[in-house]
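Scroll down for the structure; my scribbles are underneath it.
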Amino acid sequence: MLDQKLIRENPTYVEENLSLRGKVFQISEIHNLTLEKKEIDIKISDLQSESKKISKLIGQEMCNPKNINSLEINDLKYKGNQFKIKITELEEKKRLLDKQLLEEISRLPNFPSKETPFGKDENNNIQIKTWGEPLKEDNLKTHWEIGEYLDLFDSLKSTKISKSRFITLKGNGARLERALINFMLDEHTKNGYLELMPPALINSESLRGSGQLPKFSNESFKCANDDLWLSPTAEVPITAFHKNEIIDPQVLPIKYVAYSPCFRREAGSYGKDTKGLIRLHQFNKVELYWFCDPNKSLEAHKVLTEDAESILKKLNLPYRQVDICTGDLGFSASRTFDLEVWLPSSKTYREISSCSNCLDFQARRSAIRTKIDKKTSYIHTLNGSGLAIGRTMAAILENGQQSDGSVKIPDVLVPYFGSNFIKK
RNA sequence: GGAGAGGUGGCUGAGUGGUCGAAAGCGAACGACUCGAAAUCGUUUAAUAGGAAACUGUUCGUGGGUUCGAAUCCCACCCUCUCCGCCA
């Protein structure tokens, strides 16, 4: 969430920064609401101050039992009542204003950082670097063909269980998924991350806190009878884990790694990636998350991204790093580096991790602060996949495919998976 | 799901209508003593909004209500704990 004071005092600055995202943001209405709110706040505060003085006076007079029903006291009570009527009236107005203002401001995205490349959409993203040698042979099999040949998963039967875009992993497929989760968790915990396994059902307040609500209610699954949603990413419960806290700066940065299933409605992506493991309503992910000193998040962003990259390198999967442009930037992010893994069957790089610095955007929504030199300030939050498991499996299957139809397992994974190859 | 108990500052815990934003203790910070430290003594120590500041407002689980005045009374909700039932 953006700072309300900033909106009130410098609406032009806010509009300019938001408009970097490629569409025009008009915040004059919100700006007016902030002014109106402030005016009412001052009025209420003054009236309350007067009213409190009267109450105290009555209290003092009442100490003397003689006074209890005196004219003077009754007069004061009447005066107090008049204040109360005015205050109640104004508070009613204020309540409506607050609600409206919070709703409107919650729908404004974060400012892109100054370093974020300017651009309209994903075509303007900038490739920062590539790593590894992409396989560019023709006639390579897709991972779903490989999966079918080696009997690793079944999407058709899964529609009987749920519907399309769900998958059931089988045999070596399930085993490989499990191996990847364990491998990634081990690597990150060795590297100083604390492992969390958060709830998969989360409340609306938590979704609001990390930016998924109120604007993107369409993108998550909601439980019908409870104020609970299926978590779209561990980023949400981890942010909420420290909601309403003031964190001792000495313990910063707090670095978490969490395995979690992720659930997304994928509304609006009909027809895209209908086969295989790329786009599912449910997938597994190992997430990296930092709660960070607000002065150190730029460096932290680099380190977090490198930590995610290290997994791709160890798995020997060719990838590239992309600097996401202002028009393609996620709602809560100020800057994002995507890691995209090479999928040789389609000769493209596909997103496998999105490493974002949200600055204080989520921390303000979730009231997560620290106290530096007696001054409380919002901490910075950063998140990134380390990595998405299903897409990693797709990449391993496609990049490790052999001419005899088997798949070579990356060396680091062998102790977890238990064999060098998946064969028929 | 049923019955009961309870939610107060960083923590423990007092407070059942009137200068209560809240006793006391612990913890923490600073100072004194000391060569230094421990112990001791003294002072300080919640968040948040507005303000340059003085100061003013709000906050005792959350939201309403009663009252001139609510941590305290009333209503609703949320959460925690104990017992019973069910259950991996």
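Residue numbers start from 1 in every chain, and the chains themselves are labelled A, B, ... in the order their sequence lines are given, proteins ahead of strands.
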*Using a 4.5 Å cut-off on heavy atoms from C-beta on, say whether the side chain of A/L387 contacts that of A/V286.*
no
_Please report the distance separating the P of B/rU48 from the corresponding atom of B/rU62, rounded so that it comes out in whole Å._
16 Å
_I'd like the C1' distance from B/rU16 over to B/rC84, given in whole Å._
32 Å
Between the protein and nucleotides 9-19 of chain B, list every N/O to N/O distance that falls short of 3.5 Å.
unit_1 : atom_1 : unit_2 : atom_2 : d
B/rG18 : N2     : A/S55  : O      : 3.0

Using distance only, find each side-chain donor-acceptor pair of residues 411-422 of chain A under 3.5 Å and give its atom names and separation, not counting sequence neighbours.
unit_1 : atom_1 : unit_2 : atom_2 : d
A/D411 : OD1    : A/K408 : NZ     : 3.2
A/Y416 : OH     : A/D186 : OD2    : 2.7
A/S419 : OG     : A/F421 : N      : 3.4
A/S419 : OG     : A/F421 : O      : 2.7

*For A/K52 and B/rG69, is the shortest distance between a side-chain N/O and OP1 or OP2 below 4.0 Å?*
no
_Applying the salt bridge (Lys or Arg N to Asp or Glu O under 4.0 Å) criterion to A/D151, which one of A/K170, A/K424, A/K157 satisfies it?_
A/K170
*asked:* Quick check: on RNA chain B, is the nucleotide nearest A/D3 upstream (toward 5') of the one nearest A/N81, or the reverse? Name the residue that is more 5'.
replied: A/D3
_I want to confirm an ordering. Mapping A/R95 and A/T376 to their closest nucleotides on RNA chain B, which one lands closer to the 5' end?_
A/T376
_Distance below 4.0 Å between A/R369 side-chain N/O and B/rU48 OP1 or OP2_ = yes
*Scan for ring pair (Phe, Tyr, Trp, His ring centres under 6.0 Å) pairs involving residues 23-45 of chain A, sequence neighbours excluded, and state none if there are none.*
none
Distances under 3.5 Å between nitrogen or oxygen atoms of protein and nucleotides 74-76 of chain B:
none

*Nearest whole angstrom, please: distance from the P of B/rG61 to the CG of A/N203.*
20 Å
*Please give, in whole Å, the distance from B/rG63 C1' to A/K99 NZ?*
12 Å
*Between atom CZ in A/R365 and atom C1' in B/rU48, what is the gap in whole Å?*
19 Å
*B/rG27 and B/rC78: how far apart are their C1' atoms, nearest whole angstrom?*
31 Å
*Figure out the OH/C1' separation between A/Y378 and B/rA49, and round it to whole Å.*
10 Å
*Is A/E266 salt-bridged to A/R165, going by a charged N under 4.0 Å from an acidic O?*
no
*With rounding to whole Å, what would you report as the distance between B/rA37 and B/rC30 at their P atoms?*
12 Å
_A/K243 NZ - B/rC78 C1' separation (whole Å)_ = 12 Å
*Can you check the A/D98 CG to B/rU48 P distance for me, whole Å?*
18 Å
*Are A/E306 and A/K302 within salt-bridge range, i.e. N to O under 4.0 Å?*
no
*Do A/Y289 and A/H242 have their ring centres less than 6.0 Å from each other?*
no
*Would you please classify the geometry between the A/H301 ring and the A/F337 ring as parallel, tilted or perpendicular, with 30° and 60° separating the classes?*
parallel
*Before accepting this row, confirm whether a basic side-chain N of the pair A/E92/A/R95 lies closer than 4.0 Å to the acidic partner's carboxylate O.*
yes
_Can you pull out the residues from residues 40-51 of chain A that lie within a 4.0 Å heavy-atom distance of RNA chain B?_
A/S45, A/Q48, A/S49
*Only one of A/L97, A/D98, A/I105 forms a side-chain contact (heavy atoms from CB on, under 4.5 Å) with A/L33, so which one is it?*
A/L97
*Min side-chain heavy-atom separation A/I254-A/L194 under 4.5 Å*: no
*Would you call A/E89-A/K86 a salt bridge at under 4.0 Å N-O?*
no
*Establish, with yes or no, whether the OP1 or OP2 oxygen of B/rG51 is under 4.0 angstrom from a side-chain nitrogen or oxygen of A/K5.*
yes
_Short N-O contact, A/K37 and A/D41, less than 4.0 angstrom_ = yes
*Within the structure shown, what part of the strands sits under 4.0 Å from A/K79 by heavy-atom distance: base, sugar-phosphate, or nothing?*
nothing
*asked:* With rounding to the closest Å, how many angstrom separate the C1' atoms on B/rA71 and B/rU58?
replied: 15 Å
*Do A/S158 and A/T168 get their side chains close enough for a donor-acceptor pair, meaning under 3.5 Å?*
yes
*Return the nearest nucleotide to the side chain of A/K84; candidates are B/rU67, B/rG64, B/rG51.*
B/rU67
_Nearest-angstrom distance from the residue atom CD1 of A/I87 to C1' of B/rA70_ = 15 Å
_With rounding to the closest Å, how many angstrom separate the C1' atoms on B/rG18 and B/rG25?_
27 Å
*Stems where RNA chain B pairs, listed by first number, each of three or more Watson-Crick or G-U pairs under 3.5 Å*: B:1-7 with B:78-84, B:10-12 with B:24-26, B:27-32 with B:40-45, B:46-50 with B:55-59, B:61-65 with B:73-77
*Under 3.5 Å, side chain of A/N399 to main-chain N/O of A/A395, donor-acceptor pair present?*
yes
*Separation of A/K38 atom NZ from B/rG57 atom P, in whole Å?*
17 Å
*Can you tell me how far C1' in B/rC26 sits from the matching atom in B/rU44, rounded to whole Å?*
16 Å
